[in-house]
S.K.: 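Below: one structure in structure tokens.
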Protein chains: 2
Amino acid sequence: MRTQLTECLEPAQGCICFNIRKSARAITQLYEEALRPTGLRATQFTLLVATRVMGTATISGLAKGLVMDRTTLTRNMKPLEKQGFIRIVPGKEDRREREVTLTLAGQEILTTALPLWKTVQQSVVESLGQSRVTRLLKDLSVTIELAQVE
Amino acid sequence: MRTQLTECLEPAQGCICFNIRKSARAITQLYEEALRPTGLRATQFTLLVATRVMGTATISGLAKGLVMDRTTLTRNMKPLEKQGFIRIVPGKEDRREREVTLTLAGQEILTTALPLWKTVQQSVVESLGQSRVTRLLKDLSVTIELAQVE
DNA sequence: TCACTATACGTGTATATACTCCTATTATAA
DNA sequence: TTATAATAGGAGTATATACACGTATAGTGA
């Protein structure tokens, strides 16, 4: 079993999955603390922003853009819908689809949240340095593409 | 409201939190698919490895090392304990503590999982390139430290 | 038209995550 | 020694995540 311990050192330190997940936990803390005055979670902020940008989107359309499982997105929409930030209605042309749009309340909470996001984002960019951030985002996007291919 | 749309473009694309989380979702898919023969989730593999390396660890000790909330770790241990891969006993010297150790079954499942992890890890390293991986892990560690300070 | 396939989506189930509040035990100071 | 503070940990609650499976609608070819 001595061999096993040796074998465990690498996955304990160099596992790409573990390190990205760990970083996700850590960075989420920062952003959620910043967004706390709005009551929005990091994911919820992301969903509101994505919905705003898409204008009108379907569940699957949003899921693809966010690289998020479709059923996960459905579940994540629930709290936002309950709070009245988004509206989900059946598609007119294709009745299988469900159209997601921001409500007025959703636009308002976004107006409150955007400067809070901007502050924490700028703070992180300043701490990490713009070049490292640019590099990191690029490297992450490559990682994402890698998983997409499979 | 035209302003709001403009304001949303940056958080929709350049949000560090969103991109790391997105990458975490994507990379987790790869590793969990590789580990599927063992039935282990990515996090569970991580916990087993960490427990193996630590030898005997407390909940808080493990949580700190994994940059994971203590209560999250307690919850994550449950499936592993139920499957008999780890054993959790009250500490002898400090009875507030709980000592986590690998069982024989835990060591066995690790023996099965380690080569599967190694295969997917090597595959990812090969696809991304060793230099990008090294760079990415370094950048992620800086990000983690940033969140730790707060 | 009708059977078949493909697509869009939801539900059941299980794990992952962390905040708030609580208990038990240990350490410390008066 | 005892009251108080500090530490280790769990439970309640809510959200995040995704797989397996099922339903409804749309498209397609015989």
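Letters A, B, ... mirror the listed sequences (proteins, then strands); counts begin at 1.
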S.K.: Counting only N and O atoms by type, is there a donor-acceptor contact under 3.5 Å from the side chain of B/T28 to the main-chain atoms of B/A24?
M.R.: yes
S.K.: Do nucleotides 17-25 of chain D as a string where each nucleotide becomes B, S or -: B if the base has a protein heavy atom under 4.0 Å, S if just the sugar-phosphate does, - if no protein is that close.
M.R.: BBBB---BB
S.K.: Taking A/R98 for its side chain and A/I59 for its backbone only, find out whether a donor-acceptor pair lies under 3.5 Å.
M.R.: no
S.K.: Rounded to the nearest angstrom, tell me the gap between atom NZ in A/K82 and atom P in D/dA16.
M.R.: 12 Å
S.K.: Quick one: on DNA chain D, does A/K92 or A/Q44 contact a more 5' nucleotide (nearest heavy atom)?
M.R.: A/Q44
S.K.: Is it true that, when you exclude A/E81 itself, more than 12 heavy atoms of the residues, nucleotides or ligands shown sit nearer than 6.0 Å to its CD?
M.R.: yes
S.K.: State whether the number of non-hydrogen atoms from other residues, nucleotides or ligands found under 6.0 Å of B/E10 atom CD is greater than 12.
M.R.: yes
S.K.: Nearest-Å distance, CE (A/M77) to P (D/dA16)?
M.R.: 11 Å
S.K.: Respond yes when some side-chain nitrogen or oxygen of B/K78 is under 4.0 Å from OP1 or OP2 of C/dT17, and no when none is.
M.R.: no
S.K.: Taking CG from A/L30 and P from C/dC19, how many angstroms apart are they, rounded to a whole number?
M.R.: 11 Å
S.K.: Heavy atoms under 4.0 Å, any strand shown: does B/T28 hit a base, just sugar-phosphate, or nothing?
M.R.: nothing
S.K.: Do you know which of B/V124, B/L140, B/V120 makes side chain to side chain contact (heavy atoms under 4.5 Å, CB included) with A/I16?
M.R.: B/V124
S.K.: Rounding to a whole Å, what distance do you find between A/I27:CD1 and C/dT17:P?
M.R.: 16 Å
S.K.: For A/E99, does its backbone N or O pair with a side-chain atom of A/T56 as donor and acceptor, under 3.5 Å?
M.R.: no
S.K.: Measure CG/A/L66 against C1'/D/dA16 and give the value in whole Å, please.
M.R.: 13 Å
S.K.: Whole angstroms only, please: what is the CD-P distance between A/E97 and C/dT7?
M.R.: 13 Å
S.K.: So which one's nearest nucleotide on DNA chain C is more toward 5', A/I59 or B/Q83?
M.R.: A/I59
S.K.: Say whether, by atom type as modelled, one donor and one acceptor occur between the side chain of B/Q4 and the main chain of A/L114 under 3.5 angstrom.
M.R.: no
S.K.: Check the distance between C/dT15's P and B/F85's CZ and give it to me in whole angstrom.
M.R.: 12 Å
S.K.: How many Å lie between CG on B/L62 and C1' on D/dG9, as a whole number?
M.R.: 13 Å
